[in-house]
Engineer: 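Supplied in structure tokens, the structure appears directly below.
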Amino acid sequence: RYNEMVKPDEVSYYRAEYSPTGTVLRSYQREGIRALEKGRLLLADDMGTGKTLMMLMAWHNLRRKDPSCRLLVFTPNEDVADDWVNEGLKRHIGGNYCSKVIRNRTQLGGYADITLIPYTKIWRTDYDAYLRKLCLLPGTVLAMDEGHLCSAISSHQHKAAYEYAQLAERVWIATGTECRNPREYYGVYRIQRGLPPNHTTEEAWVKYYRDRSGYGWDEDKLKQLRVLRRLFAIRRTKSEVCHELPACTPIRIPCAMHPIQEELYRQMEKTAFAEIEQLGV
């Protein structure tokens, strides 16, 4: 666990700062916490750099100033929501806060200090009224974990996330998977900055960053996108901030498909050929 490997006497980079439970924070984590406290920010970080810790600590600091401040977290699934509570909240902040993971409609009453809900539920009509009320409460902070999952503007998750982001006072987006092309950035930028729908279309945005062939990306224009990203995002990778870690050595082990998988692909191939024959291509 990287936060426990810190030696405060090494360099100023590792200056000690403690969470309520005694967790030592790195300097870049303190930088992220301060930025989150100031306003809206996209955290586009590498995996394992402490995004959950930074968001929980930033919310904890806001909560000390405003006891009515609540945290609403969108997570990929219920397991990740449980990790937020057990590995994040209880481990680094303490167990004094009331948390609730929304697993079904029976839990939609009342408001906890921290409410966590999977992306698969945020766009459902029967959850909409509850989430809107929660976002409209004064001081609500909306955090989206693995925010790249709602970057596709045609998805239900994006449409719901965009609407809720306009209601909450603060919006934090964290993802351990870097947005690698302008199309993904359009989605998260639209949520994070409140980009008006009539400002530009996704097609126009993507077309601007395409090269002359229309298939690849223009490297010079991608540099402009990186400059734009600095206005609302920070980017930290483990190679930049965890110098004591050895270089990552990926090991790829080819595995044969299961017979059920092979049969599934054969069926898909037959279906595709049948559709082509019907079209007379």
Side-chain angles (χ1 to χ4, degrees), residues 32-45 51-78 80-81 83-85 88-89 93 97-102 107-108 110-125 127-153 155-176 179 184-185 187-197 232-234:
I33 291 170
R34 287 192 292 268
L36 288 169
E37 292 175 2
K38 291 179 181 178
R40 300 156 67 93
L41 178 76
L42 165 68
L43 279 171
D45 295 345
K51 299 181 298 298
T52 301
L53 172 61
M54 283 188 275
M55 288 191 287
L56 284 172
M57 279 297 301
W59 173 77
H60 171 72
N61 292 341
L62 292 173
R63 179 65 181 246
R64 288 190 297 180
K65 301 174 184 177
D66 180 9
S68 66
C69 182
R70 291 181 173 85
L71 182 63
L72 173 61
V73 186
F74 294 161
T75 64
N77 51 56
E78 294 178 5
V80 175
D83 287 340
W84 266 74
V85 175
L89 180 64
I93 306 299
Y97 293 118
C98 173
S99 61
K100 178 168 65 173
V101 179
I102 304 297
Q107 298 176 299
L108 294 180
Y111 304 107
D113 296 324
I114 299 181
T115 304
L116 303 103
I117 180 171
Y119 282 111
T120 54
K121 293 182 172 66
I122 66 172
W123 57 270
R124 290 176 51 171
T125 304
Y127 287 75
D128 183 69
Y130 174 77
L131 293 177
R132 284 182 179 274
K133 288 181 181 179
L134 185 53
C135 288
L136 287 170
L137 289 175
T140 294
V141 178
L142 174 57
M144 302 183 191
D145 195 10
E146 302 299 342
H148 63 280
L149 297 177
C150 58
S151 64
I153 65 171
S155 66
H156 294 299
Q157 286 85 349
H158 175 85
K159 294 175 182 178
Y162 176 77
E163 292 183 8
Y164 295 135
Q166 310 314 306
L167 303 177
E169 290 188 9
R170 283 184 173 85
V171 180
W172 301 337
I173 301 179
T175 172
C179 299
E184 293 175 327
Y185 261 112
V188 294
Y189 184 81
R190 185 170 181 265
I191 294 174
Q192 187 68 23
R193 305 297 288 182
L195 187 69
F232 71 104
I234 63 172

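Remember, predicted model here, so these are calculated numbers, not experimental data. Heavy-atom basis, side chains included; hydrogens, waters and symmetry copies ignored.
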Engineer: For Trp84, run the side-chain contact (heavy atoms from CB on, under 4.5 Å) check against Leu89, Ile114, Thr75 and tell me which one passes.
Structural biologist: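 Answer after filtering Leu89, Ile114, Thr75: Thr75.
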Engineer: Any non-hydrogen side-chain atom of Leu134 less than 4.5 Å from a side-chain atom of Arg70?
Structural biologist: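 Side chain of Leu134 against side chain of Arg70, heavy atoms only: contact under 4.5 Å found.
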Engineer: At what distance, to the nearest 0.5 angstrom, does CD of Gln157 lie from OG1 of Thr120?
Structural biologist: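 Spacing of CD (Gln157) from OG1 (Thr120) equals 7.5 Å.
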Engineer: Minimum heavy-atom separation for Cys150 to Met144, with atom names?
Structural biologist: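 So the two residues come closest at SG-SD, 4.1 Å.
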Engineer: Minimum heavy-atom separation for Gln192 and Val171, please, with both atom names.
Structural biologist: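 Looks like NE2-O, 3.1 Å.
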Engineer: Given side chains that start at C-beta, do those of Ile117 and Leu72 come closer than 4.5 Å, heavy atoms only?
Structural biologist: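 Side-chain contact under 4.5 Å: yes.
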Engineer: I want to check something: taking the side chain as every heavy atom from C-beta on, are Lys121 and Glu78 in contact at a cut-off of under 4.5 Å?
Structural biologist: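 Sidechains of Glu78 and Lys121: in contact.
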Engineer: Going through the distances and angles, do Trp59 and Met55 end up as a side chain to side chain contact (heavy atoms under 4.5 Å, CB included)?
Structural biologist: CA-CA 6 Å; Trp59 173 77; Met55 288 191 287; over 6 Å; no
Engineer: Quick one: pull up CE in Met57 and CG in Leu62 and give me the separation to the nearest 0.5 Å.
Structural biologist: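 Answer for the CE-CG pair, Met57 versus Leu62, is 11.0 Å.
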Engineer: Does any part of the side chain of Leu71, heavy atoms only, come nearer than 4.5 Å to the side chain of Asp113, both counted from C-beta?
Structural biologist: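 Result no, sub-4.5 Å side-chain heavy-atom pair not found.
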Engineer: Tell me the closest heavy-atom pair linking Leu56 and Gly88, and the distance in Å.
Structural biologist: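 Answer, listing the atom of Leu56 first, then Gly88: CD1-C, 3.4 Å.
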Engineer: Quick one, Tyr97 and Arg63 - any side-chain contact, counting heavy atoms below 4.5 Å?
Structural biologist: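 A side-chain contact exists here, since the closest heavy-atom pair is under 4.5 Å.
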Engineer: Quick one: sort the Tyr111 and Tyr130 rings into parallel, tilted or perpendicular, breaks at 30° and 60°.
Structural biologist: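 Rings of Tyr111 and Tyr130: parallel, as their planes differ by under 30°.
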Engineer: For Asn61 versus Arg64, what's the shortest heavy-atom pair and its separation?
Structural biologist: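 Taking Asn61 first and Arg64 second, the nearest heavy atoms are OD1-NH2, 2.8 Å.
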Engineer: For the residue pair Lys159 and Trp123, establish whether any side-chain heavy-atom pair is separated by less than 4.5 Å.
Structural biologist: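 When only atoms from C-beta onward are counted, Trp123 and Lys159 do not touch, as no gap falls below 4.5 Å.
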Engineer: Work out which heavy atom in Glu146 is nearest to a heavy atom in Tyr119; give both atom names and the distance.
Structural biologist: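 Smallest heavy-atom distance, with atoms named: O-OH, 3.8 Å.
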Engineer: So, taking the atom named NE2 in His60 and the one named NZ in Lys65, what distance separates them when rounded to the nearest 0.5 Å?
Structural biologist: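 Here the interatomic distance stands at 11.5 Å.
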Engineer: State which residue, out of Tyr185, Trp172, Tyr189, fulfils the side-chain contact (heavy atoms from CB on, under 4.5 Å) condition with Leu42.
Structural biologist: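 Answer after filtering Tyr185, Trp172, Tyr189: Tyr185.
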Engineer: Between Leu137 and Thr140, which heavy-atom pair has the shortest distance, and what is it?
Structural biologist: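 Result for this residue pair: O-OG1, 3.0 Å.
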Engineer: Which value, rounded to the nearest 0.5 Å, describes the distance between Glu163 atom CD and Cys135 atom SG?
Structural biologist: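 Result: 10.5 Å between the selected atoms.
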